[in-house]
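Quick note on labels: first sequence line is chain A, next is B, and so on, each numbered from 1.
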2 protein chains.
Amino acid sequence: MPKRVDHAERRARIAEALVRVAARRGLHAVGMRDVAAEAGVSLRLVQYYFETKEKLLLFGLERLAQGFGERVAARVRAAGDSPGPRAVVEALLMAALPTDEESRTFHQLYTSYAVLSLNDPALAAQPFIRNPDAAEDAVTELLRQAQAADLLRPGLDARREAVGLLALSAGLGTSILVGQRTPQYATEVLHSHLDRIFRTHGNGTPASGTPDPVNPMVPGMP
Amino acid sequence: MPKRVDHAERRARIAEALVRVAARRGLHAVGMRDVAAEAGVSLRLVQYYFETKEKLLLFGLERLAQGFGERVAARVRAAGDSPGPRAVVEALLMAALPTDEESRTFHQLYTSYAVLSLNDPALAAQPFIRNPDAAEDAVTELLRQAQAADLLRPGLDARREAVGLLALSAGLGTSILVGQRTPQYATEVLHSHLDRIFRTHGNGTPASGTPDPVNPMVPGMP
DNA sequence: GGTTTCGTGATACGAACGTATCACGATGTT
DNA sequence: AACATCGTGATACGTTCGTATCACGAAACC
């Protein structure tokens, strides 16, 4: 029965189970046994492929971040063959909003990890830091390109605008997550902010004041 | 020894201990025994005044939110006798940034509670929802007043701008918390956004491009 | 073909947690 | 003065958790 087995694939399978159960019951509530059951393997196996719980969690975080990066890249790619800077920035920021179940899970778990990292040196040392900085640099660079092409309102500080955009996107993402905002309304807010940064070519966002019905996607929230 | 004792005062004392130990080790890591030790009482007493851990946590959350509300109110009051809408909005948003140890603790724990509430119906039912909505309404109303006094750039949707401001502030707060941003830089970003909403009377925020050295306030973060 | 290594299950262990129980002294009431 | 109630300590209970141990069958290697 015990053939030679692909370790990387096993680890991936188990990490996926971790993410699923964490999304369902909260990261704080997942135990080794839960992950094992979700993955359909024995507790021993989880111990075997990840010696300790901490290593499992770190691997899960890596996977999560990697999946997110891929999703962002796909969205940017879908923005067209040679999209303008605004289209790319927009795709990037929109990909950061928890609009579907997958990105919802990402947001929830990423926030959980971030909170844990505040009191856990091992997590704080993780590339939690690098990724946001990379996003900031990318958006800054895009805004600089837009500036060079005279696509921006004059007098803007590219880096400051990039930081603002990312913070806005993160804040909107959180508010969607907790059911305070609908993805649609958050998108409107984001677009209207972009309209204030980029020169308008007459195609401003429709000013329709869509009301903000409570998010129907979040289960327990009125 | 056992005189008649003020229950409310005891509960407050214990809740403060909860907040302290939660800030130090993370909300997920606090146990009844930790709270008891921090408060300098026996485990039994914590059980006595709060029958269950859940009730203790809920009470701690209430206290936290209340303290935050008071701090915001104090900041707004400190904005002057009859401040303009912008000053009030600014005080409100600035109070929401984790600039000192106390507001840092608030942000950290509030975020922890928010994450927990995603998978815990008892927490989700808590006034987590009311408070942000109240803030949104307040800022919206202030912006409307500003509009009426012709203090805003024309063509803005007050509610949409309010939502954007609050999301921006929340996002900046989180980035300060994780050590990605300094309070100073976050403040700059916030001001520069306000400058784009309010009519400028010539006293725009100084355009000094202060660099963004890594946050020295966060211990474990480079 | 014998031996070593790998993959896997069953089970045990010690710690920590939330909660419950028992006892008892002090206080307030009548 | 007798009694009921309140505040408090010590300690126990049952669960759950992460981790460790033991055993064993199948493959890989020489």
- request: For DNA chain C, determine which residues of residues 16-27 of chain B have any heavy atom closer than 4.0 angstrom to one of its atoms, and list them numerically.
  value: none
task: Write out all pairs satisfying side-chain hydrogen bond (donor to acceptor under 3.5 Å, both in side chains) with one or both partners inside residues 42-59 of chain A, taking only residues at least two apart or from two chains.
output: Arg10(A)-Tyr49(A)
message: List the residues meeting side chain to side chain donor-acceptor pair (under 3.5 Å) with Ser169(A), not counting sequence neighbours, and say none if there are none.
response: none
Name every donor-acceptor pair, under 3.5 Å, that has one atom in a side chain of residues 21-33 of chain B and the other anywhere in the protein, sequence neighbours excluded.
from     : atom 1 : to       : atom 2 : distance (Å)
Arg24(B) : NH2    : Glu38(B) : OE1    : 2.6
Arg24(B) : NH2    : Glu38(B) : OE2    : 3.1
Arg25(B) : NH2    : Asp34(B) : OD1    : 2.7

query: Taking only residues two or more places apart in sequence, or in another chain, which ones meet Ala158(A) in a side-chain contact (heavy atoms from CB on, under 4.5 Å)?
result: Thr140(A), Leu143(A), Arg144(A), Gln147(A)
field: Test side chain to side chain donor-acceptor pair (under 3.5 Å) applied to Thr174(B) - qualifying residues, sequence neighbours left out
entry: none
query: By side-chain contact (heavy atoms from CB on, under 4.5 Å), which residues pair with Ala170(A), not counting sequence neighbours?
result: none
field: Divergence of helical axes at both termini of the helix from dG7(C)-dC24(D) to dT30(C)-dA1(D) - five pairs an end, 10° steps
entry: 10°
Just list the side-chain donor-acceptor pairs under 3.5 Å for residues 69-82 of chain A, sequence neighbours left out, or say none.
from     : atom 1 : to       : atom 2 : distance (Å)
Glu70(A) : OE2    : Gln66(A) : NE2    : 3.3

task: Can you sort out the partners of Thr187(B) under side-chain contact (heavy atoms from CB on, under 4.5 Å), two or more places apart, ordered by chain and number?
output: Met94(B), Leu97(B), His191(B)
message: Applying ring-ring contact (aromatic ring centres under 6.0 Å, His included), can you list everything that pairs with Phe106(B), at least two apart in sequence or on another chain?
response: Phe68(B), Tyr110(B)
Reading 5' to 3' through nucleotides 12-17 of chain D, protein heavy-atom contacts under 4.0 Å coded B for base, S for sugar-phosphate only, - for none: B----B
